A.B. asks: 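Quick one: the structure is below, questions incoming.
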Amino acid sequence: MPDMKTYTPMIQQYLKIKAEVPDAFLFFRLGDFYEMFFDDALKASRELEITLTARDGGVEEKIPMCGVPYHSAAGYIEQLIDKGFKVAICEQTEDPTHAKGIVKREIVQMITPGTVMDSRSLEEKENHYLAAVTGFDDDTYSMAHLDLSTGESKVTILSSKDEAIHELVTIQAREVVLASDADESFVKVLSDRGIRSISYMDDTTVESTFSTILSELKQDKLQLSMARLLHYVQNTQKRSLDHLQQASAYQVDAFLRMDPNSKRNLELTETIRGNSKKGSLVWLLDETITAMGARMMRRWIDRPLINQKQIEERHSIVEVLIDRYFERAELRERLKEVYDLERLAGRVAFGNVNPRDLVQLKKSLQQVPAIKETLLSMNDQKITEDAKKLDPCSDIADRLEAAIIEQAPLVIKDGNFIKDCFNEELDQYRDASRNGKKWIAELEQKEREKTGIRSLKIGYNRVFGYYIEVTKSNLHALPEGMYDRKQTLTNAERFITPELKEKESLILQAEERSIDLEYSLFQGLREEIKQEIPRLQKLAQEISRLDVLQCFATISEERHYSKPAFNHERIIHISEGRHPVVEKVMDSQEYVPNDCQMDESCEMLLITGPNMSGKSTYMRQVALTSILAQIGCFVPAANANLPIFDRIFTRIGAADDLVSGQSTFMVEMLEARHAIAHATQNSLVLFDEIGRGTSTYDGMALAQAIIEYVHDRIGAKTLFSTHYHELTSLDQELSKLANVHVSAVEQNGHVVFLHKIKEGPADKSYGIHVAQLADLPKALIGRANEILVGLESGYQRIEPAVELKNKELASTINEEASIGQLSLFGEELQPKKSKKADALYREMAKINVMEMTPMEAMNELYRLQKLAKSMNESK
Ligand code: ADP
């Protein structure tokens with residue numbers, strides 16, 4: 001880069017300011033534009049698809065430049081923020097007419113993904129969190145997070161790096177603030193998990209302005225992260241922090257915990273394929289009416305309860321709301337009139353509230369008395385208690401009703417939104433201006449009569465104020481010197497009179513004063529309401545909660561859910577359970593309900609059955625039923641009695657993702673390790689086709705080892721689905737393991753899935769049948785059957801795999817396995833020769849595979865296997 005001094009003074013100024021914000025786009029105000037230069041310009045022109053130009057900057061080569069108009073900057077800023085970038089707004093901070101040399105410029109605000117306040121960038125049904133994390137020498141972490149739009153702030157301690165990352169992913173932090181010497185691997189993992197907006201702040205001193213926010217935080221560790229966060233907010237927002245609520249500490253293990261992968265696998269907020277909300281649990285439960293209710297529901301799904309009393313409190317309210325259909329309908333109608341109280345309060349506090357917002361606030365508050373009345377009319381003790389707590393803030397509502405007109409504008413500075421009779425002084429100004437205007441209208445009439453010029457008119461423009469206009473053709477009728485000449489147009493002459501000027505200044509003064517007064521009245525009103533923010537926030541919480549509970553009642557009634565009961569004996573009893581989302585998606589088709597019975601003596605269900613028969617669906621329905629129960633909703637079952645789970649783990653075999661190969665299997669194993677390391681007796685673990693991501697014997701060995709480990713050492717309630725039919729014999733050795741299977745029947749040579757869970761192991765893998773259903777060529781299916789027969793007979797020799805107990809054995813098995821696999825591609829299967837075997841081969845050679853139905857093939861295979869077994873025994 002050339003020497004700084006060779007640049008023009010303005011570019012020098014630019015470069016100096018840009019050096020403060022190397023990681024943000026610098027929007028540099030030049031007249032009516034925000035301009036960007038150098039690399040920022042190159043990048044912005046690409047990201048925003050705007051024209052790249054160049055300008056002289058004092059050096060030989062022109063400087064790349066691009067810009068966006070000031071008045072439409074918001075949209076461009078939003079685009080950049082949505083892409084995870086940061087934007088620094090640099091304004092002229094002195095009046096250019098008074099400036100000596102270059103106008104002073106300063107960064108007045110930083111807009112970053114975690115601090116954006118503009119409602120257009122805020123997804124209304126989601127919270128928008130900015131987080132700060134601090135790592136300590138003992139490998140614990142503290143994490144603070146806040147939502148600037150609502151002022152909510154929370155802090156927690158996490159016991160490991162993994163947990164810290166899980167928590168950041170759980171709250172979907174939009175931006176994370178770290179110490180500048182933070183672990184690079186931490187940043188890397190965050191970025192892999194989709195959190196790419198990282199900022200740095202080293203100042204963690206507790207300033208006096210933080211004291212209210214921090215007052216509840218007793219531990220230094222907690223204060224540290226919150227202080228880091230507050231310094232960052234102060235630095236970027238460059239304004240006071242008094243809109244933030246008191247930070248509260250929480251503990252992650254005070255809730256049902258699920259790591260981000262488990263949540264993803266259960267499709268709580270979005271589907272795995274396509275990442276769409278449709279098809280997720282949130283989508284199913286999308287019956288909240290207010291945006292704040294929707295946000296609260298997401299928070300509840302993120303953190304289901306583990307406190308039985310709290311859970312049952314929610315259930316009992318849901319129960320009453322289900323029963324009282326008409327009252328619930330009334331509540332829903334009322335809630336439709338309630339705006340986003342939480343964010344409105346946030347805007348009042350933050351200072352960016354506008355007149356229309358205040359009207360929305362008023363209308364929302366005015367719904368509360370009716371909501372309260374409806375709740376009271378339900379005559380339920382708990383609901384009555386809650387209803388009594390609702391503070392309709394009538395004083396605020398009344399004040400706003402008196403102050404602001406119904407059709408209020410979005411902008412404050414043009415005035416005309418305060419009602420007449422609200423303020424005496426304002427009324428006087430308005431009278432003056434209205435009377436003045438009336439006087440002028442009368443003057444026009446008078447002057448017309450006086451001069452006899454009928455086209456004489458009185459007009460107004462910003463430059464000249466009020467004037468009398470006479471067209472050129474009428475000028476002759478005007479006595480010389482009657483008015484003072486002011487301006488000559490092509491066709492007309494404009495005049496003024498001292499009298500007119502006097503009235504004009506009265507009117508303009510009155511208008512100006514009334515606009516100023518409205519502005520300050522608005523500020524006063526805002527300050528008044530700001531004092532009441534805690535009341536508004538509390539009300540917002542209560543209304544949100546009511547909204548979520550009515551949503552649960554509505555869904556539970558519509559979809560025929562039932563109220564679950566809980567036990568402390570770790571018993572799962574679900575009768576006629578359904579997968580809530582699959583059931584909804586299937587719509588008119590019949591969803592087959594299934595029971596799940598796991599009493600004290602049963603820790604583990606081994607679920608076998610053909611692909612696509614419904615194993616995953618069944619396992620997920622058990623987990624989702626528990627989650628629904630623990631967030632306070634009824635459950636999709638005829639009857640459910642459940643333990644209260646402390647954690648839920650869901651692991652999915654990686655075979656679905658063959659493209660990424662080995663590394664995916666590594667992920668599968670890492671996830672399994674995570675579950676094994678953290679599951680307790682009170683956890684629910686779902687292993688869906690674990691071990692599928694590697695070769696058969698390898699995978700089967702691992703699957704078995706995992707089953708044994710969880711069974712013997714953890715004792716969590718575990719559902720394990722597998723297509724390794726061989727594992728079903730484990731029930732002989734593992735006392736707390738039971739086999740169930742998803743039934744399928746053969747009809748006219750085809751497999752029909754019944755999706756019905758039954759006791760005992762599945763008969764066989766129906767893979768080839770499924771291939772047949774998929775209409776693969778007949779010859780191919782025939783060949784597959786032929787190979788299957790061969791493999792099954794070969795399998796006899798490697799049966800120890802099932803009883804695999806240690807690594808040594810595993811390696812010998814692997815060798816054998818590869819021999820078996822090689823033969824797959826040979827013309828003939830050639831197991832070790834023996835006379836008895838020869839007999840068996842002869843039997844096999846006789847079979848006309850191509851003529852058999854799959855069922856006949858199975859039967860034949862069964863016969864041959866029996867034969868082979870009997871030969872082995874007699875050896
Ligand atoms: P698997 O895990 O055995 O391969 P899935 O659980 O993925 O099978 O289920 C495959 C499909 O079968 C699902 O997408 C769903 O459409 C259907 N299905 C599963 N369970 C049921 C059920 N109980 N009733 C009706 N259809 C079901």
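It should be emphasised that the depicted structure is a prediction, and the values quoted were computed from it without experimental measurement. Quick note: numbers below take in every heavy atom, side chains included, and nothing from hydrogens, waters or symmetry partners. Positions are given from 1, in the same order as the sequence printed here.
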A.B. asks: Mind checking whether His128 and His145 have ring centres under 6.0 Å apart?
C.D. replies: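 His128 vs His145: aromatic centres not under 6.0 Å.
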
A.B. asks: Is there a side-chain contact between Leu525 and Leu358 in this structure, where contact means two heavy atoms from C-beta onward sitting under 4.5 Å apart?
C.D. replies: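 SC-SC contact between Leu525 and Leu358 confirmed.
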
A.B. asks: Is a side-chain donor or acceptor of Arg526 paired with a backbone partner of Ala349 at a separation under 3.5 angstrom?
C.D. replies: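 Flag not set: sc Arg526 to bb Ala349 has no pair under 3.5 Å.
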
A.B. asks: Report the residues that fulfil side chain to side chain donor-acceptor pair (under 3.5 Å) with Lys83, sequence neighbours left out, ordered by chain and then residue number.
C.D. replies: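 Lys83 satisfies side chain to side chain donor-acceptor pair (under 3.5 Å) with Glu47 once adjacent residues are dropped.
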
A.B. asks: When rounded to the nearest 0.5 angstrom, what is the spacing between CZ in Phe25 and CG in Leu48?
C.D. replies: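 So the gap between those two atoms works out to 7.0 Å.
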
A.B. asks: As a test of understanding, state which of Arg257, Arg303, Arg193 forms a salt bridge (charged side-chain N to carboxylate O under 4.0 Å, His left out) with Glu167.
C.D. replies: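 Option passing the salt bridge (charged side-chain N to carboxylate O under 4.0 Å, His left out) with Glu167: Arg303.
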
A.B. asks: Take Ser149 and Asp147, measure what side-chain hydrogen bond (donor to acceptor under 3.5 Å, both in side chains) needs, and give me the verdict at the end.
C.D. replies: CA-CA 5 Å; Ser149 69; Asp147 183 333; 2.6 Å; yes

A.B. asks: Quick one: does Lys125's side chain get under 4.5 Å of Val282's, heavy atoms only?
C.D. replies: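 Heavy-atom side-chain distance check fails, nothing below 4.5 Å.
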
A.B. asks: Roughly how far, to the nearest 0.5 Å, is OH of Tyr34 from SG of Cys66?
C.D. replies: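 Rounded to the nearest 0.5 Å, the SG-OH separation comes out at 14.5 Å.
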
A.B. asks: Would you call Lys154-Glu152 a salt bridge at under 4.0 Å N-O?
C.D. replies: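 Result for this pair is yes, salt bridge flagged.
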
A.B. asks: Kindly compute the distance separating CD (Glu270) from CG (Asn275), expressed to the nearest 0.5 Å.
C.D. replies: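 It is 4.5 Å, given to the nearest 0.5 Å.
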
A.B. asks: Contact between Lys263 and Asp302 at the side-chain level, heavy atoms closer than 4.5 Å - yes or no?
C.D. replies: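 Yes; the side chains approach each other to less than 4.5 Å.
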
A.B. asks: Can you spot which of Ile418, Ile404, Asp516 makes a side-chain contact (heavy atoms from CB on, under 4.5 Å) with Leu521?
C.D. replies: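 Looking at Ile418, Ile404, Asp516, the match for Leu521 under the side-chain contact (heavy atoms from CB on, under 4.5 Å) is Ile418.
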
A.B. asks: Hey, does Arg343 have a side-chain heavy atom less than 4.5 Å from the side chain of Glu124?
C.D. replies: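 SC-SC contact between Glu124 and Arg343 confirmed.
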
A.B. asks: Using a strict cut-off of less than 4.0 Å between a Lys/Arg side-chain nitrogen and an Asp/Glu carboxylate oxygen, indicate whether Asp286 and Lys277 qualify as a salt bridge.
C.D. replies: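 A salt bridge links Asp286 with Lys277.
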
A.B. asks: Start with the C-alpha distance between Lys538 and Glu542, add both sets of side-chain angles, then the distance that settles salt bridge (charged side-chain N to carboxylate O under 4.0 Å, His left out), and finish with yes or no.
C.D. replies: CA-CA 6 Å; Lys538 187 158 166 280; Glu542 282 156 355; 3.5 Å; yes

A.B. asks: Backbone N or O of Cys393 within a donor-acceptor pair of the Asp391 side chain at under 3.5 Å?
C.D. replies: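 Indeed, once roles are kept as given, a pair shorter than 3.5 Å links the two residues.
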
